[in-house]
Amino acid sequence: MNLDTLRHSCSHIMAYAVKELWPDAKLAIGPSIEDGFYYDFDKKTPFTDDDLFKIENKMREIIASDEKFIREEVNRDAAIKLFRKLKEDYKVELINALADPKVTIYKTGNKFVDLCRGPHIESALEIKAFKLLSVAGAYWHGIETNPMLQRIYGTAFLTHKELEGHLKNLEEARLRDHRKIGPALGLFDIYHEEAGAGLVFYYPKGAILRNLIEEYEKKEHLKRGYQMVTTPHIMQSGLWKKSGHYDYYKDNMHIFKIDEQEYVLKPMNCPGHILIYKSQTRSYKDLPIRLFELGTVYRHEKAGVLHGLLRVRGFTQDDAHIFCLPEQLREEIGGVIDFVFDTMKVFGFYDWAIELSTRPKDYIGSEEDWRRATEALESTLKEKGLKYDINEGDGAFYGPKIDIKLKDALKRSWQCATIQCDFALPKRFGLAYVDNEGKEKQPIMLHRVLLGSLERFIGALIEHYNADFPLWLAPVQTLIIPVSSSVIEYSLKVMSDLIDAGLRVEIDSSNETLNKRIRNAELNKIPYSLVIGEREAMAGTVAIRKKGKGNIGTVALSDFIKQATEEIKNKQ
RNA sequence: GCUGGAGUAGCUCAGUUGGCAGAGCACGUCCUUGGUAAGGACGGGGUCACGAGUUCAAUUCUCGUCUCCAGCUCCA
């Protein structure tokens, strides 16, 4: 049996149950989705959690009564008449939008009828394992100005075992939620009420993690021919008017005045890099020029969209702009794609999905430029033999883009890298280089980020690893646990040797039992604990305890240092 | 921004049908000097998110604001 069909049928049974319980509720749509299904209803009073139980019970009754799904083809006018009689206004609207003279309807038993293309299962009895999960608001047709409906989400599987597995996965995802474990492990927090929503504070351990990521990126960018720059956090609004951002995103920008002159807190790094490009006459021999900045930007995101580290109001992008000749374009795009993949692997991500987003409804620049830009991105993807989906109309206002979404350990996707091809801003800002005949030409500009926002990437990293970071990224790599105060001296010597070897190390000589301190080390997700007692002090050794693995043996201190530094070097 | 739910100690949560605010963990002091996942005793800690209103009395009821959660819309 097809899982989508089962879920779709399950959504019909849910709608059937809702109509039985609340005959006045109007039906909107109810498709199957990636992990289940939903159905949208227009109902005056809100559904409560209690109502979900009632609906589930009613669904079980319907399923037990072995109701059959019956497909019928009817004339449009007859269908309109039918749904008008049932007072299903939304269904009437849907049929009116259909072009075919015939429409299909599905009856479930002799009480419930729905406009539906199908297919469906034969009998409700085939539904063995389902669960309703949540209620939320959703706009009719997904359009913000339309009335808001109530959406009930649910899921269904072929077997109870699979359903249990799915619910367990949801629970696992909840347990490793970065919003929970981040503050708990002393990585970061967001002081919503005092400092403001969507603004991140990195604690010492989180700052170490962030700095490690930044250091890796700086080194790697310099290696690959990028030049680092730094640009101001505030710039006059004229720049943003010229770039077009002012027109498109004014409501999401922080605009204020200094001495009667309007300024903008930067929401993007591009204009800054453009000014640096324009600072001197560029020759074709200078290109490509790759300007890189860990650029902190602020955007006035709507209150309802903020979410942990994933959507914040102040964040830092690993942002670069590449100014190149037309004939260099594909190679530059290819270079960025390679750079993205190499970086992802270093941080433990080996699975991703690629999307090519094309021209949106609102855009700047000529259609010809858009065609060339899209072609450049697409042909590079093809050249590299990469699979991708087209995301029609989802490009930036100034150019098409390639998005690379990471898949984490729980198969969830995270938007991080993006590569955007832009002919429009170079034109608007009058960017130029002098070609080999001494003539001024316009360079092409690539906007790109690898990790995207450091905040979001760190959120993804925390959930991907469940904060069990590889040794090179662990904020505290080694914890020394002296068995008793008599071995403090040797323990401090071990600590200073480890620090000298470049390891991040802490000592726990608190007045707690050995067991308690080991437990704390485990809960704090410290990769290695070194238990040191009289035996070790006498022999100049350390007893190594690996997180999650327990005691893995006693070795000479120098051997542990060698082994750990090797592990760090290899970024294992 | 929209729909619905929620906000009690640093954290996880009880509780008050309107009448002195509770536990566990964490924190502090003391005892305990422990060999691989929670030793013991005592103690400090609260504008019950914030601001108004009703009331003899509001953490509790009403209204407003802020913030969070599940989604929707948006994401340069």
Side-chain angles (χ1 to χ4, degrees), chain A residues 38 40 45-49 133-153 174 177 179-180 183-184 189-198 240 243-253 266-271 297 299-308 310-312 315 317 319 360 362 364 394-399 401 415 418 420 422 425 447 449 452-453 456 481-488 509 511-523 529-536 543-552 554:
Chain A
Y38 67 78
D40 287 346
T45 54
F47 288 113
T48 62
D49 285 348
L133 298 171
S134 60
V135 190
Y139 300 107
W140 170 234
H141 281 320
I143 296 167
E144 208 174 353
T145 47
N146 279 349
M148 185 158 262
L149 308 170
Q150 294 189 66
R151 176 172 296 177
I152 301 179
Y153 283 94
R174 199 182 65 76
D177 190 325
R179 292 170 297 179
K180 251 188 122 54
D189 209 344
I190 299 175
Y191 295 103
H192 309 104
E193 312 236 344
E194 292 144 289
W240 308 100
S243 71
H245 290 102
Y246 198 96
D247 282 345
Y248 281 83
Y249 295 108
K250 188 171 51 162
D251 291 343
N252 293 321
M253 289 166 34
K266 79 171 168 184
M268 289 289 291
N269 299 300
C270 0
V297 298
R299 298 177 184 177
H300 178 196
E301 302 289 4
K302 289 183 192 170
V305 308
L306 301 174
H307 184 97
L310 306 187
R311 193 79 180 274
V312 289
F315 57 99
Q317 297 174 303
D319 203 0
D362 268 343
I364 61 171
D394 209 39
F397 71 84
Y398 47 73
K401 61 177 182 174
Q415 169 62 50
T418 179
Q420 305 168 352
D422 181 4
L425 293 189
H447 307 240
V449 292
S453 123
R456 177 184 295 169
I481 305 178
V483 173
S484 73
S485 51
S486 63
V487 290
I488 291 283
S509 48
N511 189 15
E512 296 288 352
T513 58
L514 180 64
N515 279 354
K516 183 64 176 290
R517 286 177 289 157
I518 285 168
R519 178 180 151 82
N520 287 342
E522 290 282 337
L523 295 178
S529 299
L530 302 179
V531 175
I532 291 175
E534 298 288 353
R535 295 201 291 269
E536 288 74 22
I544 309 173
R545 197 190 150 89
K546 190 166 181 165
K547 201 223 147 226
K549 297 253 157 52
N551 190 351
I552 58 168
T554 300

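In this text, all values refer to a predicted model and were calculated from it rather than measured experimentally. So that the names make sense, note that chain A is the first sequence line, chain B the second, and so on, each numbered from 1.
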message = Pick the closest RNA chain B nucleotide for A:Lys180 and for A:Glu534 by heavy atoms, then say which residue is nearer the 5' end.
response = A:Lys180
message = Any side-chain to backbone donor/acceptor pair from A:Glu522 onto A:Gly548? Under 3.5 Å, distance only.
response = yes
query = Whom does B:G44 pair with, Watson-Crick or G-U wobble, provided both distances fall under 3.5 Å?
reply = none
request  = Please measure how far the P atom in B:G53 lies from the corresponding atom in B:C42, and state the result in whole Å.
outcome  = 45 Å
request  = Sticking with atom C1', work out how far B:G22 lies from B:U29, rounded to a whole angstrom.
outcome  = 23 Å
ask   = Which part of the nucleic acid, if any, lies within contact of A:His245, taking any heavy atom under 4.0 Å across all strands shown: a base, the sugar-phosphate backbone alone, or nothing?
value = base
B:G34 - base-pair partner by Watson-Crick or wobble geometry, distances under 3.5 Å = none
ask   = Are side-chain heavy atoms of A:His447 and A:Leu425 found at a separation under 4.5 Å?
value = yes
key: Test item: A:Arg456 side-chain N/O and A:Gln415 main-chain N/O as donor-acceptor pair under 3.5 Å   = yes
ask   = Rounding to the closest angstrom, what is the interatomic distance between B:U54 and B:G15 at atom P?
value = 31 Å
Euclidean distance for C1', B:A76 against B:C11 (whole angstrom) = 38 Å
request  = Please work out if A:Lys547 contacts a base, only the sugar-phosphate, or nothing of the nucleic acid, heavy-atom cut-off 4.0 Å.
outcome  = nothing
inquiry  = Please classify the nucleic acid contact of A:Phe397 as base, sugar-phosphate, or nothing, using heavy-atom distances under 4.0 Å.
reply    = nothing
remark   = OH of A:Tyr398 to CD of A:Gln420, rounded to nearest 0.5 Å, is 3.5 Å
request  = Tell me the partner of B:C25, counting only Watson-Crick (N1-N3 plus N6-O4 or O6-N4) or G-U wobble (N1-O2 and O6-N3) with both under 3.5 Å; none if nothing fits.
outcome  = B:G10
Watson-Crick or G-U counterpart of B:C72, or none if no pair lies under 3.5 Å = B:G1
task = Output all residues satisfying salt bridge (Lys or Arg N to Asp or Glu O under 4.0 Å) with A:Arg179, sequence neighbours left out; order by chain, then residue number.
result = A:Asp177
message = Just so I know, are the side chains of A:His245 and A:Cys270 near enough to count as touching, which here means a heavy-atom distance under 4.5 Å?
response = yes
ask   = Which is true for A:Asn511 with a 4.0 Å heavy-atom rule: it touches a base, it touches only sugar-phosphate, or it touches nothing?
value = base
query = Expressed in whole Å, how much space separates the P atoms belonging to B:C25 and B:G40?
reply = 9 Å
ask   = Which is true for A:His300 with a 4.0 Å heavy-atom rule: it touches a base, it touches only sugar-phosphate, or it touches nothing?
value = nothing
message = Does A:Gly244 reach a base, just sugar-phosphate, or nothing at all? Heavy atoms under 4.0 Å.
response = nothing
note = Applying the 3.5 Å cut-off to both distances, the Watson-Crick or G-U partner of B:U59 turns out to be none
task = Check whether any side-chain heavy atom of A:Val487 lies under 4.5 Å from a side-chain heavy atom of A:Glu536, and answer yes or no.
result = no
query = A:Arg545 near the nucleic acid: base, sugar-phosphate alone, or nothing, with a heavy-atom cut-off under 4.0 Å?
reply = base
task = With heavy atoms under 4.0 Å as the rule, sort A:Gly533 into base, sugar-phosphate or nothing.
result = base
key: B:G34 and B:G39, which share atom name P, separated by this distance in whole Å   = 15 Å
query = So what does A:Asn551 hit on the nucleic acid, given a heavy-atom distance under 4.0 Å: a base, only sugar-phosphate, or nothing?
reply = base
inquiry  = What contact category does A:Asn252 fall into here, base, sugar-phosphate, or nothing, at under 4.0 angstrom with non-hydrogen atoms?
reply    = base
request  = Answer with base, sugar-phosphate or nothing: what part of the nucleic acid does A:Glu536 contact at a heavy-atom distance below 4.0 Å?
outcome  = base
query = Say you pick atom P in B:G7 and the same atom in B:U16; how far apart are they, in whole Å?
reply = 14 Å
task = Taking atom C1' in both B:G1 and B:A58, compute the distance separating them and give it to the nearest angstrom.
result = 33 Å
request  = Using ring-ring contact (aromatic ring centres under 6.0 Å, His included) as the criterion, list what pairs up with A:Phe315, not counting sequence neighbours.
outcome  = none
inquiry  = Over 60° means perpendicular and under 30° means parallel, so tell me whether A:Tyr249 and A:Phe397 are parallel, tilted or perpendicular.
reply    = tilted
ask   = Reckon A:Tyr248 touches a base, only the sugar-phosphate, or nothing at all at heavy-atom distances under 4.0 Å?
value = nothing
request  = Walk along RNA chain B from 5' to 3' and tell me the first and last nucleotide with an atom closer than 4.0 Å to a non-hydrogen atom of chain A.
outcome  = B:G1 to B:A76
ask   = For A:Pro46, which contact category applies under a 4.0 Å heavy-atom criterion: base, sugar-phosphate, or nothing?
value = sugar-phosphate
ask   = Which part of the nucleic acid, if any, lies within contact of A:Leu514, taking any heavy atom under 4.0 Å across all strands shown: a base, the sugar-phosphate backbone alone, or nothing?
value = sugar-phosphate
task = Could you check A:Ala543 against A:Met148 and say which one's nearest nucleotide on RNA chain B is further toward the 5' end?
result = A:Met148
